[in-house]
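Reviewing the structure listed below.
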Amino acid sequence: MAVNGEAGSGVGSDGGEASSGPASPGSSLVERGSVGGFQLTPGSRKADPLDLVALAEEVQKADDFVRANACNRLTVIAEQIRYLQEQARKVLQDATKDADLHHVTCSFVKKPGNIYYLYRRASGQRYFSILSPKDWGPSCPSEFLGAYKLQHDMSWTPSDDVEKREAELNVLEKLLSQQASLPPCSEPNFQGLTM
């Protein structure tokens, strides 16, 4: 059997050198003898055919573990991709909603931090008002569609979500102020992120 391109050398079935030719350097799979005073393989030990089977099983087991590990990591990445796609979809949806609300008819200058009330006239035209349906009372001239708070980033938050949004912003503000007052650190500080 030829190993490493050396013709006429190999390992016999009894574990010793094959008798088909002289042993040449670099022709054996495992170095024999001693290196640095350590005995690498016992000279009198005969190779057991089951050793090769056990070695092949270990290699197969390692291949299976590597494949399973790679599949697990790719699964996590795929889940992250799906999450990011969903986040991107939500960002685009929110941007479309915000742009739509900014194009609604309005006869006053809108200021961030205020709540505005959206109505629809009988003609179908939508408009913002500073008067709530409660302020109008029974004489409300149009159909009430909803109330929105104009945020400082010029996004719109439905009135039902204002408290939740403000709680999130307070947590972020708290985090930013704590991070600014802490000494430089090589690891992230997530203290105070509970909602």
Side-chain angles (χ1 to χ4, degrees), residues 1-99 151-153 155 157-158 160-161 163-195:
M1 165 170 95
V3 178
N4 292 338
E6 302 286 337
S9 63
V11 178
S13 61
D14 62 350
E17 290 295 318
S19 58
S20 60
S24 58
S27 65
S28 62
L29 294 176
V30 177
E31 196 172 337
R32 297 182 182 271
S34 65
V35 172
F38 294 103
Q39 181 70 26
L40 296 177
T41 56
S44 62
R45 181 174 175 250
K46 293 193 181 230
D48 184 357
L50 295 178
D51 287 348
L52 190 56
V53 172
L55 181 63
E57 287 174 350
E58 286 299 315
V59 170
Q60 182 62 44
K61 194 184 300 181
D63 285 346
D64 291 343
F65 278 119
V66 168
R67 185 174 291 113
N69 190 21
C71 285
N72 288 339
R73 292 165 74 185
L74 288 172
T75 300
V76 169
I77 291 170
E79 289 170 1
Q80 291 171 341
I81 289 170
R82 280 191 290 275
Y83 174 77
L84 290 173
Q85 286 174 330
E86 178 61 26
Q87 291 299 305
R89 187 194 61 73
K90 186 178 183 317
V91 165
L92 292 173
Q93 190 176 41
D94 289 347
T96 301
K97 176 202 69 162
D98 291 342
Q151 300 293 342
H152 292 280
D153 63 358
S155 65
T157 302
D160 295 342
D161 299 337
E163 285 183 28
K164 179 183 171 191
R165 169 84 177 187
E166 287 179 357
E168 291 171 355
L169 292 174
N170 287 338
V171 167
L172 294 175
E173 183 62 36
K174 184 178 176 184
L175 176 65
L176 288 173
S177 64
Q178 284 182 350
Q179 292 288 56
S181 65
L182 292 175
C185 181
S186 62
E187 296 184 17
N189 175 16
F190 298 110
Q191 183 179 12
L193 276 180
T194 56
M195 289 194 195

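Sequence positions, counted from 1, serve as the residue numbers for this chain.
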Taking side chain to side chain donor-acceptor pair (under 3.5 Å) as the definition, give me every residue that meets it alongside Asp94, ordered by chain and number, with sequence neighbours left out. Lys90
Take atom NZ of Lys97 as the centre, draw a 6.0 Å sphere, and report whether it contains more than 12 heavy atoms from other residues, nucleotides or ligands. yes
Applying side chain to side chain contact (heavy atoms under 4.5 Å, CB included), name anything that partners Asp161, two or more places apart in sequence or on another chain. Thr157, Pro158
All side chain to side chain donor-acceptor pair (under 3.5 Å) counterparts of Gln60, not counting sequence neighbours: Asp64
If you look only at distance, which donor and acceptor atoms sit under 3.5 Å apart when one is on a side chain in residues 70-80 and the other is two or more places apart or in another chain?
unit_1 : atom_1 : unit_2 : atom_2 : d
Asn72  : ND2    : Ala68  : O      : 3.4
Thr75  : OG1    : Cys71  : O      : 2.8

Pair Glu168 + Arg165, salt bridge at N-O below 4.0 Å: no
For Glu163, side chain to side chain contact (heavy atoms under 4.5 Å, CB included) partners two or more places apart: none
Taking side chain to side chain contact (heavy atoms under 4.5 Å, CB included) as the definition, give me every residue that meets it alongside Lys61, ordered by chain and number, with sequence neighbours left out. Glu58, Phe65
Return the CG to NZ distance between Leu172 and Lys174, rounded to the nearest 0.5 Å. 12.0 Å
